[in-house]
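It should be emphasised that the depicted structure is a prediction, and the values quoted were computed from it without experimental measurement.
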Amino acid sequence: MQRIALADNNVNDFVQARRTAVGKAGEMLARPVIVAWKDDRSGKSAPEIPGGKAERWHDYGESNDGVLELEVANDYHFIFTEAEGFDEPDMNLATLDDNGTRFMCLNNACTEEDKEKLGYFPGGGLGG
């Protein structure tokens, strides 16, 4: 997996860091998908794996076809895979929009706020 530090980026929060990472991944991959992430400032990571060790999110990203790891401002970490070449959409993917920038993430790598926007009920399940 290729690892790149984007330390010079001045970001104030997770949303800005994710926007920066998605932009860079879009330069390097045809169809980047967020597989896993970690926010050192809040201590949150995704996917959340109960009983897993602190770096379990990273193990998950590596073992689920992660090809690019981006570290933004030394505090935010994102692992991406490449979706180019998939014949059919994976139902485990969510397409998100961040101020006009569209990107994808695995459902278990979406934030709770993302899930709410997509219509998920707290605790799981889709509304309708």
query: Just how far is it from atom CG of D13 to atom CD of Q16, taken to the nearest 0.5 Å?
result: 4.5 Å
message: Applying salt bridge (charged side-chain N to carboxylate O under 4.0 Å, His left out), can you list everything that pairs with E48, at least two apart in sequence or on another chain?
response: none
message: Just verifying a value: how many Å separate L68 CG and I79 CD1, rounded to the nearest 0.5 Å?
response: 9.5 Å
V35 versus G61, closest heavy-atom pair with distance: CG1-CA, 3.8 Å
statement: Nearest heavy-atom contact between V33 and A83 is CG2-CB, 3.6 Å
field: Positive for side chain to side chain contact (heavy atoms under 4.5 Å, CB included) with L70, one of H77, R18, K24
entry: K24
- request: Give, for atom CZ of R56 and atom NZ of K38, the distance between the pair rounded to the nearest 0.5 Å.
  value: 14.0 Å
query: Thinking salt bridges, do R41 and D75 make one under a 4.0 Å N-O criterion?
result: yes
- request: With sequence neighbours left out, write down each residue that passes salt bridge (charged side-chain N to carboxylate O under 4.0 Å, His left out) with E69, or none if nothing qualifies.
  value: R3
field: Residue pair D65 / T81: nearest heavy atoms and the distance that separates them
entry: O-OG1, 2.6 Å
- prompt: What pairs with E84 under salt bridge (charged side-chain N to carboxylate O under 4.0 Å, His left out), at least two apart in sequence or on another chain?
  reply: none
field: Where at least one partner belongs to residues 24-50, residue pairs that pass ring-ring contact (aromatic ring centres under 6.0 Å, His included), sequence neighbours excluded
entry: F14-W37
- line: dist Y76:OH -> L6:CG (nearest 0.5 Å) comes out at 13.5 Å
- prompt: Of all residues at least two apart in sequence or in a different chain, which pass the salt bridge (charged side-chain N to carboxylate O under 4.0 Å, His left out) check with R31?
  reply: none
message: I'd like to check the ring-ring contact (aromatic ring centres under 6.0 Å, His included) partners of W57; sequence neighbours left out, ordered by chain and number.
response: none
query: When hydrophobic residues are tied together by side-chain contacts of less than 4.5 Å, even through go-betweens, does V72 share a cluster with V15?
result: no
- prompt: Which distance, rounded to the nearest 0.5 Å, do you find between the CD of E82 and the CG of L29?
  reply: 5.0 Å
- prompt: How long is the span from the OH atom in Y60 to the OG atom in S45, to the nearest 0.5 Å?
  reply: 12.5 Å
